[in-house]
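Quick notes on the structure that follows.
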Amino acid sequence: MTKKIAVLPGDGIGPEIVAEAVKVLECLRADGLDIEMNEAPVGGAGYEASGKPLPDDTLALAKESDAILLGAVGGYQWESLDISVRPEKGLLGLRAELELFSNLRPAILYKQLADASTLKPEVVSGLDIMIVRELTGGIYFGQPRGVRTLDNGERQGFNTLVYSESEIDRIGRSAFDIAMKRGKKVCSVDKANVLECTELWREVMEHVAKDYPEVELSHMYVDNAAMQLVRAPKQFDVMVTTNMFGDILSDCAAMLTGSIGMLPSASLDANGKGMYEPIHGSAPDIAGQNVANPLATILSVAMMLRYSLNQVVMAERIEQAVEKVLDQGLRTADIYSDGMQKVGGSEMGDAVVAAL
Ligand code: IPM
Ligand code: MG
């Protein structure tokens, strides 16, 4: 049966990197992949089209699709809008409406890019971490939230960190399931020494672990985890953590690999439906100049094939094609080093298609 893919380019460099990923999908379609692609605006583009960062038609398309390919959202021109209609709300709305609670953010160091990391090669070579971030709960969505005026006239901002047992349980199971296919180690990151909510998090993780006797569970406070990520990142296999801690730690882990321009992500619901996007943002400063690295988005397509479309062989072909263009010495500006061949984003996309 034809699989439906919603293509949501978004803002900034989103459209140009998504265009390269679509080239890859078109190439696979010519090779027998049975897909249909439909494009719709989201983020700032959604706001311009309909006054909402997540237009109704875009949400409807996302709901009826088997998978979603997203570029990035956000830009300077929308920063002064009310928070309720800012581009980021388009992304958060998709995550919430589609219940994409499990966010997989791999941090892999490609051997060809060992020099691109700011850390010493021996610290990062061979790095392969999977961060599993809870994506539809925690302080990002907790109620009550807002800014209120106190009796003395002073304003007070407030957000709520809240997790129910079932939310912790299901993200825990995601992490353990993935660990079973990898190094069989899960490190759960919390702040159980201060926050009751994450004390419960720790307790539920212990409970989930009982169903996975082969997996070794450890716990780490988030401040220490940030430190360990830059001190000795190879100690980690799978890390599982809350929405906000995962937001922060995944940027940190991304930079271990040299460029955030290389890292894909998957956001999955309970049935394997997913949204796939690079973990980097919309980079409005370099938009429209054909310098953005499309590899993170292309690698997101590989994750889509693996997790939502059940096409593991095609996923591996994409990953091998990316390795091949790196072996050929092609580099976008973000991963460029002396002696390599600097190329633009579209040339990089073409090279991946050629390698496929
Ligand atoms: C991410 C981003 C988003 C987040 C923003 C754009 C809302 O930083 O996907 O990590 O905070 O989740
Ligand atoms: Mg982030």
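In listed order, ligands and their atoms are each counted from 1.
- Under a hydrophobic clustering in which Ile, Leu, Val, Met, Phe, Trp and Tyr are joined whenever their side-chain heavy atoms come within less than 4.5 Å, directly or via other members, L135 and I129 fall into different clusters.
- Of all protein heavy atoms, the one closest to atom 10 (O) of ligand 1 is D247 OD1, 2.9 Å.
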Exercise for the section: Take S267 and N103, measure what side chain to side chain donor-acceptor pair (under 3.5 Å) needs, and give me the verdict at the end. Expected result: CA-CA 4 Å; S267 307; N103 184 211; 3.3 Å; yes

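- With ligand atoms numbered from 1 in the order given, ligand 1 contributes 1 (C), 4 (C), 9 (O), 10 (O), 11 (O), 12 (O) to contacts under 4.0 Å with heavy atoms of R133.
- Heavy atoms of E277 stay at 4.0 angstrom or farther from ligand 1.
- Nearest N/O/S atom of D247 with respect to the Mg ion (ligand 2) is recorded as OD1.
- Closest heavy-atom approach to atom 6 (C) of ligand 1 among the candidates E88, M244, K89: E88.
- Counting atoms of ligand 1 from 1 in the listed order, those under 4.0 Å from a heavy atom of R95 are 1 (C), 4 (C), 9 (O), 12 (O).
- In this structure, a donor-acceptor pair under 3.5 Å is absent between the side chains of R317 and Q320.
- Among protein heavy atoms, the minimum distance from atom 4 (C) of ligand 1 is reached at Y140 OH, 3.4 Å.
- Side-chain N or O atoms of T257 include one that pairs as donor or acceptor with a backbone N or O of A254 at under 3.5 Å.
- Under a 4.0 Å heavy-atom criterion, R105 is in contact with ligand 1.
- Side-chain polar atoms of H207 and E165 form no donor-acceptor pair below 3.5 angstrom.
- Ion pairing between a basic and an acidic side chain is recognised when a charged N comes within 4.0 Å of a carboxylate O; K4 and D66 show no such pairing.
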